[in-house]
Amino acid sequence: MNLYKYVSDEINKILGFDVGLETPKNRDFGDFATNAAMVGAKAAGKNPHELANEIVPKLQELNFIENVTVAGPGFINLKIKDDFILNNAHAPEHIATQHTLNLDLDYGSYNIGKALHIGHLRPIVVGDTFNRIAKFVGHNTKLYNHVGDWGRPMGLIIAWILEYGMPKNANEFNKIYPASTARAKEDESWLNNAREITAQLQSGNKEYTKIYNEFIPISMSQMNETVQRLNVLPFDSIMGERGVSEYIPETQKILENTKILEQSDGALVINVRNDNDNAPMPPLIFKTNTGANSYAAADLAAIYYRNKTDKPDEIIYFTDSRQTLHFEQLFRAVKIANITTAKLTHVGFGTITGKDGKPFKTRDGDVASLSDILDTAETAVQERVAESKKHLNDKIIQQIALSAVKFNDLIHDVKSDYIFDVNAITSFEGRTGPYILYTAVRLQSVLNRSNDVKITKPEHHNLTTEERNLLIQIMDFEHMILNAFENRAPDMLANYTYDLCQLANNFYHNCPILRDDINPEIKAGRLYISKMTFDTLATAINLMGLEIPSEM
RNA sequence: GCGUCCAUGGCUCAAUUGGAUAGAGCAUCUGACUACGGAUCAGAAGGUUGAGGGUUCGAAUCCUUCUGGACGCGCCA
C-alpha cells in the first residue's frame, strides 16, 4: 500500500478539501503532519490553533488513526495504528498508471574514436536506472544510443588511416583520434583536410566509406564489451548520427517549408533567438560551410525519425550539462518547425571531478577510461576480501565492485558535480553500494536458515519501534518511486534505499529472529517482516541495476 | 563582458521542493549480549546553511546585492 497516498486521500475526503500532507523529519511528532490549519488560517479569519481544533475531531473519526495532536505553530500530527500498518504493508509491485506514456530515452552517446571514459558513467548509469523506474511505474520506454559516428572525428580518423594504415586492434585504434586531433591543432591544413573528408564521407565517397566500415566494428565491439560490465539494460536502438542522417533531407524539407533556414557565411543556419532573450543565443547550425551536416542536423533528424516511428509523448536526453545551450537551441528549432509535439527534456549532469575540483583524471593526467575505473574498483574489493580472510568468487567481486561505483554515482543529485574519490568508494564503510548489498545478503541468510518456519502474515504482532519504522519506510516505496520518476531523480531511489538499509540493520540488531529464546509467534512475525524487507530491498537493488551476491 | 549552475560541521553528501530541534556517512573519541554474518549496531563531539538585505505565521530553499567557484556563449560533439 502507498500509505502516503491512502492517508492523504482519506483526509481530503473527510475534510472536503485538499490538504498538504507531510511526513515530519522528526518521527516523534507523528507519522504524518498537515499544515492545513496554518495555510487556511488567514482566509478563515481564525488563528491556526482555533482552526486546527476544528479539524482534529473529524480526523479522529478515521479508523486507521491512533491519535491526532496539535503542536507548534499549528501543525496537526497524526499517528497511524500499528495493526493497520502491519496488515497493509507489503513489498512493492509494479504500478499500473492511468496515463501510460511513450518515452524515448536518449543516453550513452558513444563516440567512435574514443574509448568510453568516466564522462559516460553518469549518463549510462542514471539513464539505465531512470529507464527501469519509468517501466516500474507503468510507462513504455525506448532506449536510444545516439552514437557519434558521423561527425568530424570520422574525417580525422580516416585522414590518419590514409597516411598510416588500418589499425590492427582496438588499442591501436584508440590512439588514432587523439593523435590526429593533436595534429589538427598545430596544422591547419590537416584540419581542413579532415573537414573535407568528413563532408565527402557524408556524401557517399566510396573509398572513405570502405575505410569507415572497417573501423566502426572495432570501436563498437570494444565499447559494448565495457558497457556489458555495467549490467545495464540493452539499448533498443543504436542508430547513431549516421543512421539518422538518412532523414536529414526530409527534415531539411520541413525546415525549408517553414522558411526558417538561412544562409550565413556559407552555412545553413536557423535563427532561434527570442525577443526577450537576455543571454547570447547563437543560431543553430544545420550545415557547415563545407556542406557537412552538423550534429544539430543529426539531432533534428533523430527527433523527426523518432516522432514518426514511436509517436513519443516525451523525449528525454541524459547528457553532460555543458550541452544545455545546444539543447535549448535544438528544442527551439523543433518548436519553430513543429517537427514534433512531444515534450522535450534535457537532464543535464554535473561533472565528475577529482579532489581538486577539476574533471577527473588518472595519475598520468589522462582521462580515466570506464574500464580502468571498474578495474580499480574490482582490485580494491579483492584486497578488502583478502584482508577479511574471506573467499569470494570473481562474479561476487564484480558485483560488489559495481555496486560501489554505481551506487556512488546514483546517490548524487544529477545536476551537481561530484568528487570521485577512489579511496572513499572502495573503503566500503557506511553509505556505499556494498553496505546495501551486505544488508540484503544478511536478510537473505536469515530467510535461508528458517526453512522449517512458514512465512505468513501474523494475525497479530506487537510492533517494536524498529519494526514499525521499517514497515512505514516500506510503505513509502511507491510514493518515493513516483516522485523519483516525476523529478527525473534516481538519486531519490538511492537515498531511499540507504535509509531502508539503515532501518533494516537497526531491526536486525535489536529484534532477534531465529534465536532459541524467541517465541514462535514473534519469530513468525519477524520473519514476515524480514521477508518483506528483503523483497523491497531487492526491488530497489534491481532498479539500480545491481545484483545481490550469494554471499559476502 | 553576457548567461547558466553551484556554495550546508574538518571531508563527502541529504533535507519530503516554503515547514517544527538542518539529517547521514567518513575521519576523531567511547562502547556492543562469547557474531540469527562485525563490510554491522549504539553513543559522544562537531553548524550563525559563503556574507548582507528583503518577502511571511515560517527561509538552507523564493527575491536582491556582494564574494568565491564550475561551465557555456557560430561552423567541435
Side-chain angles (χ1 to χ4, degrees), chain A residues 4 20-26 28-29 33 35 38-39 41-42 47-48 71-75 77 109 111 146 148 151-153 181 195 241 264-269 277-290 292 294-296 298-299 319-326 328 348 350-351 353 355 357-359 381 384-385 387-388 390 400 408 411-413 415-419 421 423-425 427-432 434-435 437-439 441-442 445-446 449-450 476 479-480 483 487 491-492 495 498-499 502 505-506 508-510 512-516 518 526 530 551-552:
Chain A
Y4 176 90
L21 191 68
E22 308 168 356
T23 59
K25 281 180 216 162
N26 188 340
D28 296 340
F29 288 124
N35 56 15
M38 275 135 59
V39 173
K42 200 172 260 181
N47 77 48
F75 288 102
N77 294 318
S109 300
N111 293 310
H146 190 70
R152 182 180 305 167
T181 306
R195 291 186 68 200
E241 294 175 346
S264 173
D265 298 333
L268 271 183
V269 307
D277 276 334
N278 47 5
M281 185 53 65
L284 181 121
I285 291 166
F286 191 76
K287 272 188 197 295
T288 71
N289 58 15
T290 56
S294 74
Y295 55 92
D299 278 331
T319 80
D320 195 297
S321 62
R322 280 175 284 205
Q323 294 187 40
T324 301
L325 178 59
H326 162 64
E328 175 65 24
T351 312
T353 72
K355 279 186 174 173
K358 292 185 177 145
V381 173
R384 183 80 179 79
V385 169
E387 276 168 26
S388 55
K390 288 176 183 170
I400 296 171
N408 177 60
I411 202 160
H412 290 90
D413 176 11
K415 287 190 298 295
S416 53
D417 296 350
Y418 80 80
I419 295 176
D421 180 348
N423 294 328
I425 75 153
S427 77
F428 308 141
E429 308 262 312
R431 204 186 52 164
T432 63
Y435 173 83
L437 298 187
Y438 182 71
T439 307
V441 168
R442 270 164 130 199
S445 171
V446 169
R449 282 165 190 269
S450 66
D476 195 41
H479 182 228
M480 174 281 299
N483 271 331
N487 292 298
D491 57 292
M492 285 182 169
N495 277 301
Y498 177 66
D499 292 342
Q502 280 199 314
N505 281 317
N506 204 311
Y508 180 89
H509 262 268
N510 292 299
I513 305 163
L514 299 176
R515 230 166 52 187
D516 292 343
I518 303 299
R526 288 181 179 170
S530 301
E551 57 173 334
M552 263 180 93

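In the text below, chain A, chain B and the rest are named by the order of the sequence lines, each starting its count at 1.
- A glycosidic torsion no more than 90° from 0 defines the syn conformation, and U17(B) adopts it.
- Of the possible donor and acceptor atoms, one in the side chain of Tyr4(A) sits under 3.5 Å from a partner among the backbone N and O of Leu21(A).
- When the nearest nucleotides of RNA chain B are assigned to Asn506(A) and His479(A) by heavy-atom distance, the more 5′-ward of the two goes with His479(A).
- The two atoms that bring Val269(A) and Ser264(A) nearest to each other are CG2-CB, 3.9 Å, heavy atoms only.
- Separating the CE atom of Met492(A) from the C1' atom of A14(B) is a distance of 11 Å, rounded to the nearest angstrom.
- Counting only N and O atoms by type, the side chains of Thr353(A) and Thr351(A) include no donor and acceptor under 3.5 Å apart.
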**Q.** Letter per nucleotide, 5' to 3', of nucleotides 18-27 of chain B [B base touched, S only sugar-phosphate touched, - untouched; heavy atoms, 4.0 Å]
**A.** -BBB--SSS-
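- Comparing atom distances between the Pro282(A) side chain and each of C13(B), C36(B), C73(B) picks out C73(B) as nearest.
- Atom P of A59(B) sits at a distance of 16 Å from the matching atom of C63(B), rounded to the whole Å.
- Residues Leu325(A) and Pro282(A) meet the side-chain proximity criterion, which asks for heavy atoms closer than 4.5 Å.
- When heavy atoms are screened at a 4.0 angstrom cut-off, Glu551(A) is found touching base atoms of the nucleic acid.
- Residue Gly74(A) comes nearest to Pro48(A) through the heavy atom pair CA-CB, 4.3 Å, listed as atom of the first residue, atom of the second, then distance.
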(Q) Walk along nucleotides 67-72 of chain B from 5' to 3' and tag each nucleotide B, S or - by protein heavy-atom contact under 4.0 Å, base first, then sugar-phosphate. (A) ---SSS
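- The closest side-chain heavy-atom distance from Ile425(A) to Thr432(A) is not below 4.5 Å.
- Only the P atoms considered, U67(B) is 14 Å distant from G3(B), to the nearest whole Å.
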Q: Run the numbers on Thr319(A) and His326(A) for side-chain contact (heavy atoms from CB on, under 4.5 Å), then give the verdict.
A: CA-CA 11 Å; Thr319(A) 80; His326(A) 162 64; over 6 Å; no
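- At a threshold of 4.0 angstrom between heavy atoms, the contacts of Asp413(A) are confined to the sugar-phosphate backbone, with no base atom among them.
- With rounding to whole Å, Ile419(A) atom CD1 is found 13 Å from C6(B) atom C1'.
- Taking atom OH of Tyr418(A) as the reference point, atom C1' of C5(B) lies 18 Å away to the nearest angstrom.
- Rounded to whole angstrom, the span from the CG atom of Asn483(A) across to the C1' atom of U17(B) amounts to 9 Å.
- Comparing Ile400(A) and Ser264(A) along RNA chain B, the residue whose closest nucleotide (by nearest heavy atom) sits nearer the 5' end is Ile400(A).
- At most 12 non-hydrogen atoms from other residues, nucleotides or ligands lie less than 6.0 angstrom from CG of Asp516(A).
- A side-chain donor-acceptor contact under 3.5 Å links Ser530(A) to the backbone of Arg526(A).
- Between Asn483(A) and His479(A) there is a side-chain heavy-atom pair separated by less than 4.5 Å.
- Rounded to whole Å, atom P of A39(B) lies 11 Å from atom CG of Asn505(A).
- Ring-base stacking between Tyr438(A) and U40(B) is not satisfied when judged by a centre separation under 5.5 Å and a plane angle under 30°.
- One atom, CE of Met281(A), and another, P of C73(B), lie 12 Å apart when rounded to the nearest Å.
- In this entry the distance linking CD1 of Ile285(A) with C1' of C73(B) reads 12 Å, nearest Å.
- Closest to the side chain of Leu514(A), from the set C75(B), A14(B), C36(B), is C36(B).
- Both tests hold for Arg442(A) against Tyr508(A): distance to the six-membered ring centre under 6.0 Å, angle to the ring axis within 45°.
- A donor-acceptor pair is defined here as one N or O able to donate and one able to accept, closer than 3.5 Å; no such pair exists between the side chain of Asn289(A) and the backbone of Ala267(A).
- For a distance-only test at 3.5 Å, the side chain of Asp265(A) qualifies as a donor-acceptor partner of the base of C75(B).
- Inter-residue side-chain proximity for Ile419(A) and His412(A) is flagged as unmet; no heavy-atom pair is nearer than 4.5 Å.
- Between His509(A) atom NE2 and G31(B) atom C1' the separation is 13 Å, expressed in whole Å.
- Pairs of Watson-Crick or G-U wobble type, with distances under 3.5 Å, assemble into runs of 3 or more in RNA chain B at these ranges: B:1-5 with B:69-73, B:10-13 with B:23-26, B:28-32 with B:40-44, B:50-54 with B:62-66.
- Looking at Thr23(A), its side chain comes within 3.5 Å of the base of U16(B) through a donor and an acceptor atom.
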